[in-house]
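Below is one structure; the comments refer to it alone.
Whatever order the structure lists ligands and atoms in, that order sets their numbers, starting from 1. Predicted, not measured: the structure shown is a model, and the values here were computed from it.
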Amino acid sequence: MNETASLRARAEIDLAALRANVRVLRARASGAQLMAVVKSDAYGHGAERCARAALEAGATWLGTATPHEALALRAAGVGGRLLCWLWTPGGPWREAIEAGIDVSVSGMWALDEVTAAAAEAGRPARVHLKADTGLGRNGCQPADWAELVAAARAAEQAGTVRIIGLWSHFACADEPGHPSIAAQLDTFRDMVAYAEKAGAEPEVRHIANSPATLTVPESHFDLVRTGIAMYGISPSPELGTAADFGLRPVMTLAASLALVKRVPAGHGISYGHHYTTSAETTLGLVPLGYADGIPRHASGRGPVLAGGVRRTVAGRVAMDQFVVDLHGDEPAVGSDAVLFGPGDRGEPSVEDWAQAAGTIAYEIVTRISARVPRVYRDDETPPGPSAGS
Ligand SMILES: *Cc1c(COP(=O)(O)O)cnc(C)c1O
C-alpha cells in the first residue's frame with residue numbers, strides 16, 4: 001500500500017518540478033534575482049514547503065500579499081529576503097520589522113504607520129516604495145510620487161526607514177505586445193529616476209511578474225517576481241503552454257473513485273438532473289466537490305481521467321462529489337480519478353479546467369481548499385514515460 005492509497009483525494013505537489021521551474025525562470029531572468037511568490041499558500045501548493053524548495057533552487061527572495069502570510073513563514077523558520085505588499089491600517093508593521101520582513105508602501109498613510117512602528121522597534125523598516133505605473137490598483141500615482149519619495153527620504157535620514165526597493169506591477173503583461181507594457185516601463189523608469197535623483201539608493205528595482213519574466217526581458221531590472229510560472233502553469237494560453245517554456249506542472253489533483261455502478265438508460269444524474277444517461281451505462285463517483293474548490297461552473301464540462309480514459313463531469317458538481325459517465329467501463333472502486341496534472345498519464349491540465357469553468361488557471365489552483373490534503377513528492381527524476389530518456 002502506498003501512503004496515498006487510503007486518501008479520499010489529494011493534491012500531489014512535486015517539489016522537484018518546482019525546483020526545476022525555478023531554475024528555468026532564473027535562466028530566463030537575465031541575471032536578475034528571483035522572488036518566489038508564495039502568497040495564498042503558494043497558489044494552493046503549500047507556502048512553507050514551496051518557499052523552502054524555491055530557496056534551495058536559487059530564489060533569493062520570497063513574496064507574499066499579506067503580512068500574516070509573511071509572518072507565518074518566518075514563524076516556520078523560513079529565511080531569505082521576504083517582501084509583503086498588501087497592507088491595511090493597523091499593520092502589523094512592528095511585528096514585520098522585527099521579523100526582518102520587507103514592507104511595501106504605496107501611500108502616505110502607510111509611511112506614517114511604518115515610521116512610527118520603526119521608532120518603537122528601534123530599528124529601521126526595510127521599505128519598497130510602490131509606484132502605480134498604470135495598473136490602476138495598488139501603488140502611488142505619479143502625481144503623488146514626489147511627496148511620498150520626499151517623506152521616505154526624510155524618514156531614511158531620520159533612521160526609521162531604508163528604501164530597499166522601488167517597484168511596480170503590470171496590467172497586461174500576459175497580452176504580448178499590449179501597448180500598456182511599454183508605457184508602464186517608461187513610467188517606471190521615470191519614477192525610479194526621480195526617486196534616485198532624490199537620493200534613494202534601492203537595492204532592487206522590480207516590476208516583472210511571470211508573463212513579463214517569460215516574454216519582456218527589458219522588464220527584468222534587478223529582480224523578477226514569479227508566481228504562476230514557478231508552479232508550472234503558463235500565465236496565459238495566449239503566451240504558450242507551460243511546456244513551451246520548459247515548465248512542468250507542480251500540482252496533480254486526484255481522488256479515489258468512491259463508487260462504480262451500473263445504471264439504466266434515462267437515469268438523471270446529480271442535482272437538477274442536468275444530465276441523463278442515453279443508454280445503460282456505468283457511473284463513477286468522484287469524491288470532490290465545490291467545497292474542495294472544484295468549480296461548480298465546470299458542471300457538465302470538467303475533464304477527468306478515470307480508468308485510463310478522459311471523461312467529462314456528468315451533471316452538476318455538488319458540494320462534496322460529482323459523477324462521471326464511464327460508458328460501460330468498470331474501473332476498480334478506489335482507482336484514481338485524475339482531474340489535472342502534468343499530463344504523463346494522459347490526464348487533463350489545469351488550463352483545461354480553467355477553460356471548462358470560464359476562468360484562469362490561477363483561480364483553479366488557489367481555490368483547492370484545505371480539505372484536500374497536500375502530499376509532497378520530492379524525487380529529483382521526474383516520473384512517467386519521459387524519465388530516463
Ligand atoms: C501575484 C503577484 C505576482 C506574481 O504574479 P504571477 O503572474 O503569478 O507571476 C507578482 N507581483 C505581485 C505584486 C503580485 O501580486
Q: Take Lys39 and Glu69 through the salt bridge (Lys or Arg N to Asp or Glu O under 4.0 Å) test and state the conclusion after the steps.
A: CA-CA 7 Å; Lys39 63 189 179 187; Glu69 293 172 324; over 6 Å; no

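- Ionic pairing of Arg371 and Asp320 is present here: one or more N-O contacts between side-chain nitrogen and carboxylate oxygen are shorter than 4.0 angstrom.
- Take Tyr43 and apply the ring pair (Phe, Tyr, Trp, His ring centres under 6.0 Å) test, not counting sequence neighbours, and it matches Tyr231.
- Between Phe188 and Phe221, the distance from one ring center to the other falls under 6.0 angstrom.
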Q: Take Asp378 and Arg49, measure what salt bridge (Lys or Arg N to Asp or Glu O under 4.0 Å) needs, and give me the verdict at the end.
A: CA-CA 11 Å; Asp378 199 0; Arg49 298 294 295 267; 5.3 Å; no

Give every pair formed by an N or O atom of ligand 1 and a protein N or O atom closer than 3.5 Å, one pair per line with both atom names and the distance to 0.1 Å, or write none.
unit_1, atom_1, unit_2, atom_2, d
ligand 1, 7 (O), Tyr362, OH, 2.7
ligand 1, 8 (O), Tyr43, OH, 2.5
ligand 1, 8 (O), Ile228, N, 2.8
ligand 1, 9 (O), Ser210, N, 2.8
ligand 1, 9 (O), Ser210, OG, 2.5
ligand 1, 9 (O), Gly227, N, 2.9
ligand 1, 11 (N), Arg225, NE, 3.0
ligand 1, 11 (N), Arg225, NH2, 3.3
ligand 1, 15 (O), Lys39, NZ, 2.6
ligand 1, 15 (O), Trp85, NE1, 3.4

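- Close placement of the His128 and His206 rings is indicated, their centers lying within 6.0 Å of each other.
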